[in-house]
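On a predicted model such as this, the values are computed, not experimentally measured, just so you know.
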Amino acid sequence: MSASARPPADAGSRSAAHAPAAVMGTPGPDGRFGEYGGRFVPESLVPACMELEEAFAAAWADASFRTQLASVLRDYGGRPTPVTQCARLSEELGVRLLLKREDLVHGGSHKLNNVLGQALLTVRMGKERLVAETGAGQHGVATATAAALLGLECTVYMGELDTERQELNVFRMELLGAEVRPVSSGSRTLKDAVNEALRDWVATVDRTHYCLGSVMGPHPFPYMVRELQRVVGDEARAQCQALLGGADPDVVVACVGGGSNAAGTFAGFADSGARLVGVEAAGGAAVSDGITGVLHGMKSLLLQDEEGQILEAESISAGLDYPGIGPEHAWLAASGRAQYDKATDEEVLAAFRLLARTEGILPALEPAHALAWVVREAGRSIPKGSTVLVTLSGRGDKDVAQVRELLASGDSER
Amino acid sequence: MIALEPWLRERCRAGRKLLVPYLMGGMGEDWVEALQAVAAAGADAVEVGIPFSDPMMDGPVIQQAGVHALDRGATPARVVGALASAELGVPVAVMTYYNVVFRAGHRRMAQSLRAAGVGAAIVPDIPLEELEPWAAEADAAEVATVLLVAPSTPEPRVARICARSRGFVYAVARMGVTGERESLGNETTEVVRRIRAVTDAPVCVGVGVSTPSQARAVCEVADGVVVGSALVRRLLEGGGPDAAGEFVGQLRAALDAG
Ligand SMILES: Cc1ncc(COP(=O)(O)O)c(C=O)c1O
């Protein structure tokens with residue numbers, strides 16, 4: 001990389017070129033992470049994926065793009081986010097717990113990191129419209145936010161069932177100027193919203209960018225979204241080192257739906273000695289329960305039946321209800337560099353309440369999975385006295401009504 | 001088994017325009033009868049969908065047919081098994097998505113198609129770069145893998161796709177998913193022209209071809225048409241084998257008159 005192309009120091013910029021190629025480096029032109037990844041899309045979309053791959057590579061090597069993104073993340077998004085030491089909860093668990101506070105990003109989750117990068121790239125590519133899929137609505141809201149900021153049109157596909165479950169987020173997106181299209185095909189949830197967004201993209205690719213919400217889909221999306229989220233891990237690594245006298249945490253934990261907040265976090269620690277752990281919802285654990293297959297343009301681990309029909313994931317957090325996992329996670333699991341486990345709905349609710357009471361933070365139900373795993377494993381697979389970093393990928397305001405209902409029905413069952 | 005490519009080439013040479021109707025395997029009680037009616041009404045080959053839960057390339061009509069088929073318990077083995085005994089008298093191509101093939105295993109799927117007398121397969125979400133694991137097994141089983149060229153496909157890629165396509169070259173009429181369209185634009189003519197420039201294989205146009213007059217117009221440049229949603233919609237509306245055969249008869253007449 002030439003000196004002029006070197007990204008600015010504040011851009012979360014330990015670029016992939018500097019990491020060992022084998023661990024969370026840049027995939028080759030086939031977009032593979034070991035056996036996983038690739039670009040399994042109809043011919044109509046292959047040229048668009050290639051165009052995007054080139055456009056992102058050029059932008060990512062362009063210092064001015066990095067600077068532009070870094071300043072929007074700072075002045076609009078509120079980065080860098082802090083790492084918070086949890087005194088009371090650490091005391092209770094017997095491990096030193098640190099939280100990377102993505103709940104404090106504008107909009108309330110890490111989703112904005114990815115979306116701002118893709119929206120700036122859209123403008124750079126000369127396109128004027130974004131389409132996105134959303135499950136619970138977080139990625140849809142983030143995309144609508146970035147579209148409003150940059151003056152782009154925005155269409156968000158959302159499963160009909162999810163539009164009913166998350167009415168308020170539908171309204172939020174509309175307030176932000178986006179059009180929300182309910183998807184009534186298939187299981188009427190997130191995976192069907194992805195299908196519909198892809199179908200829209202095929203027909204409108206001249207002027208539209210598909211702003212995919214996680215480290216999934218055809219190459220270059222899994223790589224690109226990981227790079228756009230690595231700001232989480234890069235910041236956290238430096239912050240931990242400052243706190244820990246130059247040391248890394250012993251364990252780094254993040255929840256995994258498609259896997260973007262985990263991939264961004266892990267990217268910062270891939271070349272450290274930290275144990276990396278991704279936590280899936282027990283009802284949608286693609287690593288534990290999935291089988292290798294091809295969906296949404298990627299080869300990865302998928303929940304599917306004997307005939308290859310895709311099954312649905314189901315948990316209390318719509319943001320984790322995806323029947324697959326990003327291909328790089330499938331590879332990190334296969335290679336052993338990261339480990340994946342699951343948390344049940346009950347454990348998650350308990351962790352949600354625990355963090356609220358001991359630290360005054362309401363986590364989103366998604367990262368409450370990561371916390372739940374730490375609560376369960378502290379003193380077991382996490383030795384007492386260890387330092388544990390958890391990425392708190394979002395705030396829990398969106399989940400308060402649901403948690404109230406769940407707790408009420410839990411009480412009445414007792 | 002009737003091998004697809006020699007059969008189609010022979011008919012092209014005789015001056016006939018090719019008609020390839022599509023329907024979804026297992027979409028209704030009488031789907032095999034509908035297929036037989038379609039074959040008898042003047043199809044030169046038939047394309048049969050094996051349903052997949054997440055059909056990325058398909059619009060609402062074929063999606064719905066797939067849901068019906070899955071709800072009725074359609075599996076790859078059942079659809080292929082029914083084709084084995086359907087006695088259609090024309091070549092058969094199956095159309096499905098890669099996960100169905102991958103889950104079954106490349107070799108097992110290729111051999112089961114061969115055993116059922118299915119001479120061709122269309123799997124639109126395997127791009128050229130990822131084709132070999134499947135295509136090697138399909139070639140070995142003498143199952144023709146038909147590849148798609150899209151309006152967006154750049155020039156050098158068109159040639160590479162055409163060189164690897166077997167049976168015929170599938171020209172995608174427009175950017176988008178399957179579904180009926182009022183009109184087909186210049187991009188259809190253009191994609192056919194670009195394919196013609198690099199191959200002498202038969203070129204059939206699909207995705208959006210919905211009426212006899214569209215079929216005829218397309219065949220002024222192409223060798224044939226694939227007609228899916230317009231036929232499937234008639235079946236979903238309860239038309240049954242008679243309506244399916246009648247519609248295909250109209251398409252045939254339009255092509256023969258052109
Ligand atoms: C707060 C939060 N965390 C995590 C996720 C899961 O996504 P990913 O695994 O891509 O980080 C979501 C998805 O909606 C989310 O809203």
Side-chain angles (χ1 to χ4, degrees), chain A residues 28-32 35 37-51 183-188 191-206 208 217-219 291-300 302-312 323-324, chain B residues 50-60 62-64 66-67 70 73-79 96-105 109 122-131 147-154 157-158 161 165 170-179 191 207-208:
Chain A
D30 61 355
R32 290 305 176 104
E35 164 192 8
R39 181 183 283 151
F40 295 90
V41 291
E43 176 58 26
S44 303
L45 280 181
V46 171
C49 290
M50 288 175 168
E51 178 199 5
V183 176
S184 57
S185 59
S187 57
R188 301 186 291 147
K191 80 176 175 65
D192 310 285
V194 175
N195 291 330
E196 216 47 49
L198 284 165
R199 290 175 187 130
D200 180 314
W201 196 35
V202 184
T204 60
V205 66
D206 282 351
T208 300
H219 182 57
I291 295 167
T292 301
V294 174
L295 178 70
H296 296 151
M298 64 182 175
K299 184 181 285 187
S300 193
L302 308 172
L303 302 178
Q304 56 178 309
D305 71 11
E306 291 295 306
E307 261 77 42
Q309 309 299 346
I310 305 302
L311 302 173
E312 263 174 85
Chain B
I50 299 176
F52 176 51
S53 53
D54 294 81
M56 187 206 284
M57 236 331 247
D58 287 309
I62 293 180
Q63 284 176 42
Q64 200 190 335
V67 169
L70 290 172
T75 64
R78 287 193 189 133
V79 171
T96 192
Y97 288 85
Y98 190 29
N99 200 50
V100 171
V101 174
F102 189 82
R103 186 80 177 96
M109 178 61 81
I122 302 172
V123 191
D125 59 341
I126 315 184
L128 190 61
E129 290 73 15
E130 304 286 354
L131 193 66
L147 299 185
L148 282 66
V149 175
S152 57
T153 308
R157 210 176 146 77
V158 174
I161 292 172
S165 191
Y170 193 130
V172 178
R174 62 187 166 86
M175 295 297 285
V177 294
T178 57
V191 70
V207 180

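Using a 4.5 Å cut-off between heavy atoms, B:I161 contacts chain A through its side chain alone, with no backbone atom that close. Only the side chain of A:L198 has a heavy atom closer than 4.5 Å to any heavy atom of chain B. Contacts of B:F102 with chain A are made by side-chain atoms alone, with heavy-atom separations under 4.5 Å and no backbone atom involved. At a 4.5 Å heavy-atom cutoff, A:S184 makes no contact with chain B through either its backbone or its side chain. Heavy atoms closer than 4.5 Å to chain B are found in the side chain of A:E196, but not in its backbone.
Across A:P47 and B:P154, no two heavy atoms sit closer than the pair CG-CD, 3.9 Å. Of all non-hydrogen atoms in B:R103 and A:I291, the two that sit nearest each other are NH2-CD1, 3.5 Å. Counting all heavy atoms, side chain and backbone alike, B:N99 lies closest to A:Q304 at ND2-OE1, 3.0 Å.
A distance of 12.0 Å separates CG in A:L295 from OH in B:Y97, rounded to the nearest 0.5 Å.
With respect to chain B, the highest number of heavy-atom pairs below 4.5 Å among A:P29, A:P42, A:G38 belongs to A:P42. With respect to chain A, the highest number of heavy-atom pairs below 4.5 Å among B:L147, B:L70, B:V67 belongs to B:L70. In terms of heavy-atom pairs under 4.5 angstrom with chain B, the leader among A:V194, A:D30, A:D200, A:V294 is A:V294.
Between the side chain of A:Q309 and the backbone N or O of B:P51, at least one donor-acceptor pair lies under 3.5 Å. Panel note: side chain A:R39, backbone B:E130; no donor-acceptor pair is recorded below 3.5 Å. Panel note: side chain B:S152, backbone A:S44; a donor-acceptor pair is recorded below 3.5 Å.
No side-chain donor from either of B:T75 and A:E307 sits under 3.5 Å from a side-chain acceptor of the other.
Residues satisfying the side chain to side chain contact (heavy atoms under 4.5 Å, CB included) test with B:V123, not counting sequence neighbours, are B:Y98, B:V101, B:D125, B:I126. Looking at residues two or more places apart in sequence or on another chain, you find a side chain to side chain contact (heavy atoms under 4.5 Å, CB included) between B:E129 and A:M50, B:P127, B:R157, B:R160.
Residues B:M175 and A:V205 meet the side-chain proximity criterion, which asks for heavy atoms closer than 4.5 Å.
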